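Here is how names work: the chains are called A, B, and so on, in the same order as the sequence lines, proteins then strands, and each is numbered from 1. The model shown is predicted, which means the values in this text are computed figures rather than measured ones.
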Number of protein chains: 2
Amino acid sequence: MSNLMSAARKIPKDRQTYPARMERLDPDHAADVLRGTSRYKSADRAIKAGCDLFRLGERGEAIYSLVDGWVALYNLLEDGRRQILQFALPGAVLAFVPTRGAVMNYSAQALTDGVVCVLSHEKLGCLARENPEIGMQLAGLIAQDRGLAYEHLSSIGRHSARERVAHLLLELFMRSRMCWPGHRGEEMHLPLTQEHIGDATGLTGVHVNRVLRDLRKEGILEFHYRRLRVLNPDKLVDVAGIEPHVALQWINDDLSDETVIDLRKRRDVTTPVHLDTIRRRALHPTSGSVPPPRRMYS
Amino acid sequence: MSNLMSAARKIPKDRQTYPARMERLDPDHAADVLRGTSRYKSADRAIKAGCDLFRLGERGEAIYSLVDGWVALYNLLEDGRRQILQFALPGAVLAFVPTRGAVMNYSAQALTDGVVCVLSHEKLGCLARENPEIGMQLAGLIAQDRGLAYEHLSSIGRHSARERVAHLLLELFMRSRMCWPGHRGEEMHLPLTQEHIGDATGLTGVHVNRVLRDLRKEGILEFHYRRLRVLNPDKLVDVAGIEPHVALQWINDDLSDETVIDLRKRRDVTTPVHLDTIRRRALHPTSGSVPPPRRMYS
DNA sequence: CGAATGCTTGAGCTTCATCAACTTCAGTGG
DNA sequence: CCACTGAAGTTGATGAAGCTCAAGCATTCG
């Protein structure tokens, strides 16, 4: 797999074809710099599944670069209800606060065992002085988070339970594939309970269960005890009601790793899940006809 | 009013008491730098109510610093439904994309006439080279947006219609007061329709209307044709089910303008809306007893 | 193997959406 | 100043989507 990757990275023509590609790597590069630099300046810290990495109300004294594992950012209400705000995958930067000394306004819990590397604000300051572009790259990373949050807002605010669950699972499937390019099967490990899915989509675990039953009966996917199998990705895209721009975003992300090679030249080998549906729709949205908006905006 | 402000700014003791205060100004400072610098490098651009500032799918070639007016960031679904992601007030930075050349994945519409100043990516690059700290400050601004988005996620995902509407109106009330410190009455201009409120809270305009009727009947607030009157802020805080940390965030924001003086020394004069309820609860949360969480987190 | 956690299903109920008719308000031009 | 017009607000009736409670089953892990 790694020879494929390096092969892809050696071809400058691809970078010409997809100009966003090099630049897209900037935020990742930022994560690399944070990780790499702190690797000899700070200690990596192992985290155990179920433990809180930090909690709402604590002062943000350091940022964490997630090296390995899944982490959920969440918010607990007084009555015990929970809203999951984001699932963080390796490469994510956690616990960045808008201003030094501000308190965190959400908590973070490890869903699996994992590793973070810790970078205190002092060291972050030094690092930023040494290579000044890191501030802007960090801004890019956070803007990505904001984009995901906006996407989830649209999902929770304006979609049915069916669409929300399909959307979330598709998103996690795609993001995890980007994160671990080695895993290309229809099946993946998704370290969530149905309750997690409910807390992320604004539903109850019970209702998530019913939605999943329906999706299973229709042969679209199976989710059972932390294993997700996507049986019919095209149909899943349909059900999720993916917006063209969201798809485009995912595809661009996808184009910037070796998948572009994988799909073009070796489509037959290890890619049972075709991205073609998403790609086609994103580039030729809605088969040509755009329905008129519901309202006139004065 | 401005003499009050400068009086507040001259007292170093206050800065000792609230250490977050100076630092909190950093993001605002960033906005000032963007605005000030571009004021002589780029032209300010007037925007008219109802016009789109930019649309989903366009390439983000420049960022905008909102100088005056209200702007709504929103997302339109294929079937015409709309989700409002954020209400932007003066000082906000709009259209920042994670990577150069990326497309916007939401749209922005002016709710009132206003002014933005435009800063192309090239000029942003120059500016960032001249004063490197601006990248980190921009990151802070965007992290604030992300925080608001997370708050809205919790609201839409886990609160009743009543709570959502109360929460949104309270948030807008507080933010607009921070933005225009001169306005201290119970009444304010809120350039929204009930449909806007619905689109921001994931409800229908019709249902928002019913919620507003109830709140009016209970003497909590009135919202009618773009005028909001908060009659009973304490009760509104109750209904909104504000989390202590959210309140704390708002208070800290509030402490960094002259309100701290206003409330401490001149409580009786021009402050019909008391922040005491919020402050008390934030500092002594839930009268001392924290209800146990619903679940054990394995 | 047993306990704990997570999943599954049903019945009844609440909240909010939908549809439709009607009223109020703000801005426009006579 | 008034009448007109279109946008926004108001209200009722009806139904569907999703929640709650409750009981039982499956899976994992120690």
Side-chain angles (χ1 to χ4, degrees), chain A residues 48-50 77 79-83 109 111-113 155-166 189-217 221-229 239 241 293-298, chain B residues 48-50 77 79-83 111-113 155-166 169 189-217 221-229 293-298:
Chain A
K48 292 205 90 64
L77 281 59
D79 61 0
R81 284 177 299 181
R82 179 172 65 167
Q83 176 67 43
Q109 181 183 48
L111 297 172
T112 64
D113 291 352
S155 180
I156 295 188
R158 289 299 185 219
H159 283 292
S160 68
R162 200 177 148 81
E163 289 169 315
R164 289 185 232 174
V165 171
H189 178 65
L190 228 197
L192 311 179
T193 66
Q194 297 182 351
E195 191 109 26
H196 282 118
I197 297 176
D199 286 341
T201 52
L203 302 166
T204 57
V206 172
H207 199 66
V208 167
N209 182 282
R210 291 189 231 271
V211 170
L212 288 175
R213 163 165 48 72
D214 294 347
L215 293 176
R216 191 188 324 126
K217 278 184 183 162
L221 58 76
E222 291 171 4
F223 179 74
H224 205 67
Y225 286 95
R226 289 157 220 231
R227 292 219 71 79
L228 170 67
R229 287 165 51 89
V239 172
R294 181 178 47 149
R295 302 184 204 74
M296 303 306 304
Y297 293 103
S298 57
Chain B
K48 291 204 93 63
L77 280 60
D79 62 359
R81 283 177 301 181
R82 179 173 64 168
Q83 175 67 43
L111 296 172
T112 64
D113 292 352
S155 179
I156 294 188
R158 288 300 184 216
H159 283 292
S160 69
R162 197 178 150 82
E163 290 169 314
R164 288 186 232 174
V165 171
L169 291 181
H189 177 66
L190 227 199
L192 310 179
T193 65
Q194 297 181 353
E195 191 108 26
H196 281 118
I197 297 176
D199 286 340
T201 51
L203 302 166
T204 58
V206 172
H207 199 66
V208 168
N209 183 285
R210 290 188 231 271
V211 170
L212 288 175
R213 163 167 47 75
D214 294 347
L215 294 176
R216 191 187 324 127
K217 279 184 183 160
L221 58 78
E222 292 171 5
F223 178 73
H224 205 67
Y225 286 94
R226 287 152 222 236
R227 292 220 70 80
L228 171 67
R229 286 165 51 89
R294 181 179 45 151
R295 302 185 203 73
M296 302 307 302
Y297 293 105
S298 58

Does any part of the side chain of B:Leu190, heavy atoms only, come nearer than 4.5 Å to the side chain of B:Leu169, both counted from C-beta? yes
Side-chain N or O of B:Arg213 less than 4.0 angstrom from OP1 or OP2 on D:dT10? no
Between atom CG in B:Leu190 and atom P in D:dG9, what is the gap in whole Å? 12 Å
In whole Å, I'd like the distance from the CD atom of A:Glu195 to the C1' atom of C:dA4. 15 Å
Are any of the side-chain heavy atoms of B:Arg164 and B:Val211 separated by less than 4.5 Å? no
At less than 4.0 Å, is any side-chain N or O atom of A:Asn209 found next to OP1 or OP2 of C:dC7? Yes or no. no
Contacts of B:Thr193 meeting side chain to side chain donor-acceptor pair (under 3.5 Å) (sequence neighbours excluded), chain-then-number -> B:His196
Considering residues at least two apart in sequence or located in another chain, which fulfil the side chain to side chain donor-acceptor pair (under 3.5 Å) criterion with B:Arg226? none
Send over the distance from A:Glu222 CD to C:dT8 P, rounded to a whole Å. 11 Å
One character per nucleotide, please: for nucleotides 16-25 of chain C, 5' to 3', B when the base has a protein heavy atom closer than 4.0 Å, S when only the sugar-phosphate does, - otherwise. BSB-----BS
Less than 4.5 Å apart, side chain to side chain, heavy atoms only: is that true for A:His224 and A:Leu212? no
Between C1' of D:dG9 and NE2 of B:His196, the distance in whole Å: 14 Å
Rounded distance in Å - CD1 (A:Ile156) to C1' (D:dA17): 16 Å
Suppose we screen for side chain to side chain donor-acceptor pair (under 3.5 Å). Which residues come up paired with B:Thr112, at least two apart in sequence or across chains? none
Under 4.0 Å between any heavy atoms, over every strand shown, what does A:Arg227 touch: base, sugar-phosphate, or nothing? Just pick one. nothing
Distance in angstrom units between A:Phe223 CZ and C:dT8 C1', rounded: 14 Å
Looking at five pairs on each end of the helix from C:dC1-D:dG30 to C:dG30-D:dC1, what is the angle between the two axes, given to 10 degrees? 50°
Smallest separation among heavy atoms of A:Arg158 and B:Leu203, with atom names: NH2-O, 3.0 Å
Considering all heavy atoms, the nearest B:His189-B:Arg227 contact: N-NH2, 3.7 Å
Across all chains, not counting sequence neighbours, the salt bridge (charged side-chain N to carboxylate O under 4.0 Å, His left out) partners of B:Arg213 are none
Taking atom C1' of D:dC29 as reference, at what distance in whole Å does atom CZ of A:Arg226 sit? 12 Å
Measure the distance from CD1 on A:Ile197 to C1' on C:dC7 and round it to the nearest whole Å. 12 Å
